[in-house]
Protein chains: 2
Amino acid sequence: MTIQGTGTARPAGRPRSEKAEKAIIEATLDLIAEGMGVSELSIEAIASRAGVGKTTIYRRWSSKEDLVVDALATLKAPLPPLAGVSVRDDLITLLDAMRAESGNRRGRCVMNIAMSEADRHPRLTERFVQRAVEPRRRALREVLERGVASGELRPDLDVTLAMAILSGTMMWQSKWGPADGLPEDLAERVVDVVLAGMAPPAG
Amino acid sequence: MTIQGTGTARPAGRPRSEKAEKAIIEATLDLIAEGMGVSELSIEAIASRAGVGKTTIYRRWSSKEDLVVDALATLKAPLPPLAGVSVRDDLITLLDAMRAESGNRRGRCVMNIAMSEADRHPRLTERFVQRAVEPRRRALREVLERGVASGELRPDLDVTLAMAILSGTMMWQSKWGPADGLPEDLAERVVDVVLAGMAPPAG
DNA sequence: CCGATACGCAACGGTCCCGTTTCGTAAATT
DNA sequence: AATTTACGAAACGGGACCGTTGCGTATCGG
């Protein structure tokens, strides 16, 4: 047994540099965060930004899409823990996480990709949605369904439509809202308006 | 007077072909509608699609942005006439116009540009917003303010936030809603949920 | 030390598009 | 008829990337 104790046989030769790998992914995310679309993203630009030879990229990923998928995958979406006490609080928590991400340098990657590349890169989008979008969507749906069950929300509420309203509002804000960051109480205000409705209370 | 009666002196030589001009703009819009971003849009592709020499394009427009602006300008946004009776009806009219456009081949141009190119082409975006977005935004704001004044909406309603909720919801639907077109009653359902609120009626 | 693999770098031929120029032809004025 | 401008097509030199290859060096196991 000349094999490492871990059980995985280390192949001969110089091992791949983890530093280079990190630099490549960082460079990729940086470029995307700066508004570069996947189509305009060039391997040469990534290599240059990462201080790495193109060979080092091609050795690891066979296509640009694979690289982008892996890069985006490192952006774990740490879903905020939900208190689970009131639906209002949980909704605010979820929406505020979206707000915080839209201000985050890396969070914008997710937005930019989701907004721009949906049509043009369906395979990428599919994997990306499964990894980053679906978990949040599920969390939001669960909160809403819990609210319907508990009576905190209307029994006849169209949960899918409610999800569109909440998500769409936050997305709109992060795209066309004030350029210098969204106000801290935005999520709370959105939730309160949406819960109470825009119409005056029915006397 | 060898000048045309209209008063505009016709310059000597062969006049420019209106047919070619139309073909160029049509080709440009087609490509954008197919999901091509402004950055990926190439003059050669437009010329080829329009059945036109590149010279004919460069003679008329000095930059790609100018061409795109002119092309988008031909998409007049025919704001739907508002009945002005109830705020609910007017909101439904406005939102349903957005729904209809998202199904329209050419309407998608507006969406695609607005979603993807905002960061990368600020000058283009500025002119585009002024021409296509601002009128709708103004109409929506007026309806909401009228509702606040008339008592159909809460007196303390944050109109700007309400606009984000309504617009964002429709945009979200047209981007991630069912691929085979949005349901005809979507606008009505959105407006009713947003007006009445998701919370159950307070006793 | 030796073989194997990875590294950064530079160069390759190929493709796409740029913006310009040239060409022969078409359509208007004078 | 002569002049002027526009037309489509083709070709130009130039630039950006592509994906690949060769180079000398670095780093691993044996």
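Protein chains get the first letters and strands the later ones, always in sequence-line order, with residue 1 at the start of each. The figures that follow rest on heavy atoms only: side chains count, while hydrogens, waters and symmetry mates do not. In this text the structure is predicted, and so the values were computed from the model without any measurement.
Within the 4.5 Å cutoff, side-chain heavy atoms of A:Val159 are placed close to those of A:Val148. Here the side chains of B:Lys22 and B:Glu18 are not in contact, with every heavy-atom distance at 4.5 Å or above.
Judged purely by atom type and a 3.5 angstrom limit, B:Lys54 has no side-chain atom pairing as donor or acceptor with the backbone of B:Ala47. No donor-acceptor distance shorter than 3.5 angstrom exists from the side chain of B:Ser116 to the backbone of B:Ile113, with no hydrogens or angles considered.
Protein atom CD of A:Glu44 is 14 Å distant from nucleotide atom C1' of C:dC16, rounded to whole Å. The CD1 atom of A:Ile57 sits 13 Å away from the P atom of D:dC17 (whole-angstrom rounding). We find that CZ of B:Arg16 is positioned 5 Å from P of D:dA6, with the value rounded to whole Å. The CG-C1' distance, from B:Leu41 to C:dC17, rounds to 12 Å in whole Å. We find that OH of A:Tyr58 is positioned 5 Å from C1' of D:dG19, with the value rounded to whole Å. Following rounding to the nearest Å, B:Leu67 (CG) and C:dC17 (C1') show an atom-to-atom distance of 16 Å. B:Arg60 places its CZ atom 17 Å from the P atom of C:dG19, with the value rounded to the nearest Å.
A donor-acceptor contact under 3.5 angstrom links the side-chain atoms of B:Thr55 to the base of D:dA9.
Taking side-chain N and O atoms only, B:Arg59 has no distance below 4.0 Å to OP1 or OP2 of C:dT21. Side-chain N/O atoms of B:Arg14 include none lying less than 4.0 angstrom from OP1 or OP2 on D:dT4.
Interface residues of residues 18-33 of chain A facing DNA chain D, ordered by number: none; criterion, heavy-atom separation under 4.0 Å.
A salt bridge links B:Asp90 with B:Arg146; the closest basic N to acidic carboxylate O contact falls under 4.0 Å. A salt bridge does not link A:Asp70 to A:Arg127: none of the charged nitrogens lies less than 4.0 Å from a carboxylate oxygen. Of the charged side-chain nitrogens involved, none lies within less than 4.0 Å of a carboxylate oxygen, so that B:Arg60 and B:Asp66 do not count as a salt-bridged pair.
Among the protein residues, B:Ser17 comes within range of the sugar-phosphate backbone only, with heavy atoms under 4.0 Å from sugar or phosphate atoms but none that close to a base.
Heavy-atom distances to DNA chain D give each of B:Pro15 and A:Lys64 a nearest nucleotide, and the one nearer the 5′ end belongs to B:Pro15.
Distances from the side chain of A:Lys54 to the nucleotides D:dT20, D:dC7, C:dA27 place D:dT20 closest.
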